[in-house]
Q: 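One structure follows; several queries about it will come next.
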Amino acid sequence: MPELPEVETIARGVELRLRGDRILEARFGSYPKLFKTPSARQAKGLEGRAILAVHRTGKHIVCELGAAGWILQSHPGRKLRNADPSTTLRMARVGHPGADLEEWEDSSSAQWIVHLGMTGRLLVTPAEAPVAPHTHVRLSLASGRELRFVDPRRFGRLDFRDLSLSAAFSAAGADPLTVTADEFAQIFRSRRLTIKAALLNQKLLSGVGNIYADESLFRVGIRPRRLCARLTRAELESLRLALLVVLEHAIQLGGSSVSDYVDAGGERGFFQLEHCVYQRGGQPCLRCQTPIRRIVLAGRGTHYCPKCQR
DNA sequence: CATTTCACCTGGTGGC
DNA sequence: TGCCACCAGGTGAAAT
């Protein structure tokens with residue numbers, strides 16, 4: 001299940017491969033709920049646009065796209081012109097993946113926003129690669145490759161924003177990697193819900209899911225059932241730091257491949273080998289040998305050590 | 001209004 | 001061996 005480290009890994013992988021490439025043709029499957037808004041349903045909205053950058057916001061992958069209708073063919077060193085200069089944006093030399101970006105004037109850029117849900121994958125493949133079952137989107141690229149969205153369980157969602165019509169996408173909650181100690185304390189202080197439920201709430205903190213909630217609570221020694229309002233300021237700060245360490249370590253290891261998660265190149269992550277409690281119910285705690293307990297909290301399987309976590 | 005519960009999905013698992 | 005009920009969980013709508 002893609003959480004912050006998995007989404008970050010995929011976004012980086014897609015950016016590395018596709019920055020400077022161009023979408024020539026977009027083909028969507030026929031599952032209406034895949035699209036969050038009517039504009040996301042329009043394949044034409046993506047066609048002709050250059051991929052300027054790809055990044056993560058919360059659990060969302062945001063592809064920054066240039067204006068459509070740019071010169072389709074270019075060669076190294078040639079500069080491309082934009083017809084409508086009003087705001088400044090970075091623009092790629094299209095058709096040359098990895099090319100240095102230059103400053104361009106652009107008022108009609110857009111964002112393609114991908115949420116992977118439970119089982120979604122974004123894959124960069126050769127155009128001739130076999131099409132996996134449950135492939136809902138195929139973007140043909142100027143480089144001859146394809147960006148594919150595959151999602152068996154269909155919890156993933158796609159959105160599209162024309163930045164000349166609407167504001168850029170932003171996460172509802174704070175990012176765990178950049179939130180300050182004061183902000184973090186402010187978010188959780190005086191809330192009457194369990195810390196586990198709060199960590200999973202994307203409107204409070206964006207990016208933490210079931211795995212990293214359980215793992216960070218174990219590392220900081222706090223029981224998932226504790227109420228936010230009962231946590232001391234010191235405990236909250238320790239939790240913020242534990243989250244930071246766990247998430248950054250997981251990013252370094254390419255995320256957790258617990259079900260079928262792979263990155264944009266099809267590679268598995270390795271952080272599942274570092275899991276202390278997640279899906280280890282009944283097995284001995286790695287620190288004290290007490291059997292790890294599994295309960296259901298906030299409707300989710302929740303794992304903790306009854307001795308190490310208070 | 002804040003918080004909790006539930007439906008949406010399908011592949012994998014375990015029981016008989 | 002085969003079949004089927006059941007579970008996983010991110011999100012948002014519905015319920016409390």
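Each chain gets a letter, A, B and so on, in the order its sequence line appears, and its residues count up from 1.
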Q: On DNA chain B, which is the earliest and which the latest nucleotide, 5' to 3', with an atom closer than 4.0 Å to a heavy atom of chain A?
A: B:dT3 to B:dG11
Q: Per the side chain to side chain donor-acceptor pair (under 3.5 Å) rule, what does the pair list look like for residues 292-303 of chain A, sequence neighbours excluded?
A: A:K196-A:T302, A:D214-A:H303
Q: With side chain to side chain donor-acceptor pair (under 3.5 Å) as the rule and sequence neighbours excluded, what pairs involving residues 265-279 of chain A come up?
A: A:S256-A:H275
Q: Taking only residues at least two apart or on different chains, which pairs with a member in residues 165-179 of chain A satisfy side chain to side chain donor-acceptor pair (under 3.5 Å)?
A: A:R56-A:D175
Q: Which residues end up grouped with A:V131 if you chain together Ile, Leu, Val, Met, Phe, Trp and Tyr wherever their side-chain heavy atoms are less than 4.5 Å apart?
A: none
Q: Using five pairs at each end of the helix from B:dA2-C:dT16 to B:dC16-C:dG2 to define an axis, what is the angle between those two axes, to 10°?
A: 50°
Q: So what does A:R157 touch, heavy atoms closer than 4.0 Å: a base, only the sugar-phosphate, or nothing?
A: nothing
Q: Can you name the side-chain contact (heavy atoms from CB on, under 4.5 Å) partners of A:F188, sequence neighbours left out?
A: A:F184, A:I195, A:A198, A:L199, A:L205, A:C228, A:L236
Q: Under the 4.5 Å side-chain heavy-atom rule for ILVMFWY, direct or indirect, which residues accompany A:L165?
A: none
Q: Using the test ring pair (Phe, Tyr, Trp, His ring centres under 6.0 Å), find all partners of A:F35 that sit at least two apart in sequence or belong to another chain.
A: A:F28
Q: For A:A298, what residues pass the side-chain contact (heavy atoms from CB on, under 4.5 Å) criterion, not counting sequence neighbours?
A: A:A197
Q: When you check every protein heavy atom under 4.0 Å of nucleotides 9-16 of chain C, what one-letter string (B, S, -) results, 5' to 3'?
A: BBBS----
Q: Tell me whether A:R240 is salt-bridged to A:E237, with the criterion being a basic N under 4.0 Å from an acidic carboxylate O.
A: yes
Q: Among Ile, Leu, Val, Met, Phe, Trp and Tyr joined by side-chain contacts under 4.5 Å, find the other residues sharing a cluster with A:I113 and list them by chain and number.
A: A:V62, A:F169
